[in-house]
Amino acid sequence: MELKLYNTLTRKKAPFVPIDANNVRMYACGPTVYDFAHIGNARPVIVFDVLYRLLRHIYGVGHVKYVRNITDVDDKINARAAEEYPDLELNAAVAEVTAKTTKQFHEDIAALGVLPPDVEPTCTSHIPQMVEMIKVLIAKGNAYEAEGHVLLDTASVPDYGSLSGRSLDEMIAGARVEVAPYKRNPSDSVMWKPSDDSLPGWPSPWGRGRPGWHIECSAMAKEHLGEVFDIHGGGIDLTFPHHENELAQSRCAHDTDVMANVWMHNGFLQVEGDKMSKSLGNFVTINELLADWPGEVLRYNMLRSHYRQPIDWTVKGLEESAKTLAGFYGGEDFSKAEKSFAPPVLEALSDDMNTPAVMTALHQLAHSDDRPALVSSLRALGFAGDLTDPRASGVDEAAIQQRIDQRLAARAAKDFAEADRIRDELAAQGIALKDGPEGTTWELVR
RNA sequence: GGCUGGGUAGCAAAAGGUCACUGCGCCGGAGUGCAUAUCCGGAAAUCCAGGUUCAAGUCCUGGCCCAGCCUCCA
């Protein structure tokens, strides 16, 4: 089965041909670790996890290398560190913030069924590689030093703007921000900036400073995947300026036509129809959602939409996802099921990761009563069959079971008034009883 | 203003050609002491205008509307 992927570089869907089928390489931009990851951050993590699983299925587990970085140098981190740990020396405070946030990120996404990448490089451990690349870019005339900064000379890059589809001219015309006076062109991006003693910094030929945002991914990708690799992914908002600058730097430094052959971008996420923003008060973190919903429900809900489409994240959608998954699982023990994609599932995934079509295929498997194919496909997609309600941790299950038994006894004695009274009493506690052929079960109402 | 995507039933979400997929919701029936669960059946949609094609929801052009980017926010 041929894998087709949509490539932002060409704006077309095309068959995926790896550079080396024995070593398929992909890079995805990871989080800046200064705060809890929100559900929008979870989207690329889940989407590229599915791609990783698919590539491992096609090319073999040992033949795919997935790199997802941690950005642990950033002025937002510095600000957060100063705010949260005013008594600590800044570097120590920064280390606290990045360590704590990284740990939280790992816990949150593990609950979403996400596999760890093969390499998770941090910015702070790749400073020498960045400095080296900047030196090369200066030597080649693609970067210049100005007032302690080093900037990418975007005018020196022949087809700068080709990824995002914009020209230098229109960017200058449309610029709405005040341009720093030391920039030759408004679009020139900072690769290195000076740090005073109050900020984290590293020695460099241009003085003590810290890297700009884009150079980190150029340097880390080179370090772990080489000069040219197969797939680069991230959120659509990163297309410009982040990826545009990143690939310009890498191509100039390495004299290559491309940095990655295929560039993939996931669409944005809205919450209940609105843009997610702190000012609207609808900023929702993965961690908060995990207090109310099984992680697998969040994962399923994310994959119901095609990754390039915008997704409207709603409670109603989560309820539907929970109901659908419960129907798929049917109390089955997933632990000893194998992981493999059933043909119709693989076919849907191979068409530019058409996960909505995957869902249709799963429903058809469910209707066909082919339980093994359904369960193994779900496992291969990263679902472990665990719908434990996180809200149930404070519930006294034994007491509920006792009331259920009492109600069953009342029903057996045809004391329906008492039976209904018990059912109403539990309902008032948010517990819904479900009588079925196998007996009575209960669940927490939403 | 420029660039890039998207507009399919009440909601979500597929598809160049059969009775146009699927789920939730809704309606009817079966089911239970009743209510759930569960099962059976049903109603319901392609933003507008051109074009290409034997055939367009799908491809192309324009319009309208929505979103993202141009503000180191995934």
Side-chain angles (χ1 to χ4, degrees), chain A residues 6 8 11 28-32 35 37-48 71 74-76 161 163-167 169-178 186-187 189-190 193 211-216 233-242 244-245 265-270 273-278 283 300-301 304-306 308-312 314 316-328 348 351 354-364 366-367 410-411 414-417 419-420 423-424 427 432-443 445:
Chain A
Y6 180 87
T8 307
R11 310 270 169 205
C29 292
T32 300
D35 202 352
H38 57 68
I39 190 62
N41 299 117
R43 190 169 193 191
V45 173
I46 292 173
V47 162
F48 294 110
T71 297
D74 186 278
D75 287 350
K76 288 192 293 289
L163 176 69
S164 53
R166 58 188 86 200
S167 70
D169 291 344
E170 70 197 22
M171 280 185 281
I172 293 166
R176 293 195 303 198
V177 279
E178 203 166 323
S187 52
S189 62
V190 176
K193 51 188 166 186
W213 179 27
H214 319 304
I215 192 70
E216 65 175 86
I236 194 167
D237 59 318
L238 294 183
T239 312
F240 189 88
H242 182 54
E244 198 70 76
N245 289 319
H265 293 97
N266 62 272
F268 234 62
L269 177 146
Q270 292 194 308
D274 288 315
K275 181 188 168 95
M276 181 165 60
S277 72
K278 285 180 177 166
F283 202 85
Y300 188 88
N301 197 239
R304 289 203 307 164
S305 297
H306 183 84
R308 285 192 283 122
Q309 296 290 113
I311 179 171
D312 188 14
T314 63
K316 186 163 180 273
L318 287 168
E319 285 168 354
E320 288 184 22
S321 294
K323 207 169 279 192
T324 303
L325 275 185
F328 283 161
D351 181 15
N354 190 340
T355 52
V358 168
M359 303 315 178
T360 298
L362 291 175
H363 278 112
Q364 282 164 353
H367 288 161
R411 288 179 66 199
K414 300 213 184 295
D415 183 357
F416 297 121
D420 290 351
R423 187 170 67 196
D424 292 344
L433 296 187
K434 293 198 294 187
D435 292 335
E438 308 295 322
T440 301
T441 57
W442 60 274
E443 65 184 21
V445 293

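Only this structure's heavy atoms are used, side chains among them; waters, hydrogens and symmetry mates stay out.
Counting only heavy atoms from C-beta outward, the side chains of A:Thr440 and A:Arg423 never approach each other to under 4.5 Å. Between A:Pro310 and A:Gln270, every side-chain heavy-atom pair lies at or beyond the 4.5 Å cut-off. For the pair A:Thr324/A:His363, a side-chain contact is recorded, criterion being any heavy-atom separation below 4.5 Å from C-beta on. With contacts defined as side-chain heavy-atom distances shorter than 4.5 Å, the pair A:Ile39/A:Arg43 does not qualify.
Between A:Phe240 and A:Ser164, the shortest heavy-atom contact is CD1-OG, 3.4 Å. Residues A:Phe328 and A:Met359 come closest through the heavy atom pair CZ-O, 4.5 Å. Across A:Cys29 and A:His242, no two heavy atoms sit closer than the pair SG-NE2, 3.6 Å. Taking each heavy atom of A:Thr355 and A:His306 in turn, the nearest pair found is OG1-CA, 4.3 Å. Nearest heavy atoms, A:Ile311 versus A:Asn301: CD1-O, 3.7 Å. Scanning all heavy atoms of the two residues, the minimum distance from A:Ile236 to A:His265 falls at CA-CB, 3.8 Å.
With rounding to whole Å, A:Ile215 atom CD1 is found 14 Å from B:C72 atom C1'. Across the protein-nucleic acid pair, A:Arg411 atom CZ and B:A35 atom P stand 12 Å apart, rounded to whole Å. If you measure from atom CG of A:Leu433 to atom P of B:U38, you get 15 Å, rounded to the nearest angstrom. Rounded to a whole Å, the CD atom of A:Gln270 is 17 Å from the P atom of B:A74. A straight line from CG of A:Leu318 to C1' of B:G23 spans 15 Å, rounded to a whole angstrom. B:A14 atom C1' lies 11 Å from atom CG of A:Asp351, rounded to whole Å. Between A:Glu443 atom CD and B:A35 atom C1' there is a gap of 14 Å when expressed in whole angstrom units. Remark: C1' of B:A13 and CZ of A:Arg308 are 15 Å apart, rounded to the nearest angstrom.
Among the heavy atoms of the strands, none lies under 4.0 Å from A:Gly317. Among the atoms of the strands shown, only primed sugar atoms or phosphate atoms (P, OP1, OP2) are found under 4.0 Å from some heavy atom of A:Arg304. Within the nucleic acid shown, A:Thr324 comes within 4.0 Å of sugar-phosphate atoms alone, with no base atom in reach, counting heavy atoms only. Counting non-hydrogen atoms under 4.0 angstrom, A:His214 reaches nothing in the nucleic acid. In this structure, A:Lys323 reaches the sugar-phosphate backbone alone: every heavy-atom distance under 4.0 Å involves primed, P, OP1 or OP2 atoms, never a base. Among the atoms of the strands shown, base atoms are found under 4.0 Å from some heavy atom of A:Pro437. Base contact: A:Leu269 has a heavy atom under 4.0 Å from a base atom. Residue A:His363 is in sugar-phosphate contact alone, with no base atom involved, counting any heavy-atom pair closer than 4.0 Å across all strands shown. No contact: A:Ser189 has no heavy atom under 4.0 Å from any strand. As judged by a 4.0 angstrom heavy-atom cut-off over every strand, A:Glu438 is placed among residues making no nucleic acid contact.
Stacking here means ring centres nearer than 5.5 Å and ring planes tilted less than 30 degrees, and by that measure A:Phe416 stacks onto B:G33. An aromatic stack links A:Phe268 and the base of B:A74, using centre distance under 5.5 Å and interplanar angle under 30°.
Put simply, the side chain of A:Glu320 and the base of B:G23 share a donor and an acceptor less than 3.5 Å apart. Donor-acceptor pairing under 3.5 Å, judged by distance alone, is absent between the side chain of A:Asn354 and the base of B:A14. The base of B:C34 sits within donor-acceptor range of the side chain of A:Arg423, with an N or O pair under 3.5 Å.
Only the C1' atoms considered, B:C69 is 33 Å distant from B:G10, to the nearest whole Å. Taking atom C1' in both B:C66 and B:U8, one finds a spacing of 15 Å when rounded to whole Å. Comparing the P positions of B:U22 and B:A30 gives an interatomic distance of 25 Å, to the nearest angstrom. Separation of the C1' atoms belonging to B:A74 and B:G23 is 27 Å when rounded to the nearest angstrom. With C1' as the reference atom, B:C64 and B:C48 are 7 Å apart, rounded to whole Å. Rounded to a whole angstrom, the distance from the P atom of B:A37 to that of B:G31 is 16 Å. The P atoms of B:A15 and B:C60 are separated by 15 Å, rounded to the nearest whole Å. The separation of B:A43 from B:G7, taken at their P atoms, amounts to 26 Å, rounded to a whole angstrom.
Between A:Ser164 and B:U4 there is no side-chain N or O to OP1 or OP2 distance below 4.0 Å.
Residue A:Ala419 has its side chain nearest to B:G33 when only B:G33, B:C69, B:C21 are considered. You'll find that the side chain of A:Lys434 is closest to B:A37, out of B:C72, B:A74, B:A37. Picking from B:G10, B:C69, B:A74 the nucleotide with the shortest atom distance to the side chain of A:Lys316 gives B:G10. Side-chain proximity of A:Asp420 to the nucleotides B:C34, B:G6, B:G5 is greatest for B:C34. In this structure, of B:U36, B:G68, B:A74, it is B:G68 that holds the atom nearest to the side chain of A:Ile236. Comparing B:A74, B:C34, B:C21 by their closest approach to the side chain of A:Leu238 singles out B:A74.
Residue whose closest nucleotide on RNA chain B sits further toward the 5' end, between A:Gly436 and A:His306: A:His306.
Residues forming a side-chain contact (heavy atoms from CB on, under 4.5 Å) with A:Thr314 (at least two apart in sequence, or on another chain): A:Glu272, A:Asp312, A:Lys316.
Stem analysis of RNA chain B (Watson-Crick or G-U pairs, both distances under 3.5 Å, runs of at least three) returns B:1-7 with B:64-70, B:10-12 with B:22-24, B:26-30 with B:38-42, B:47-51 with B:59-63.
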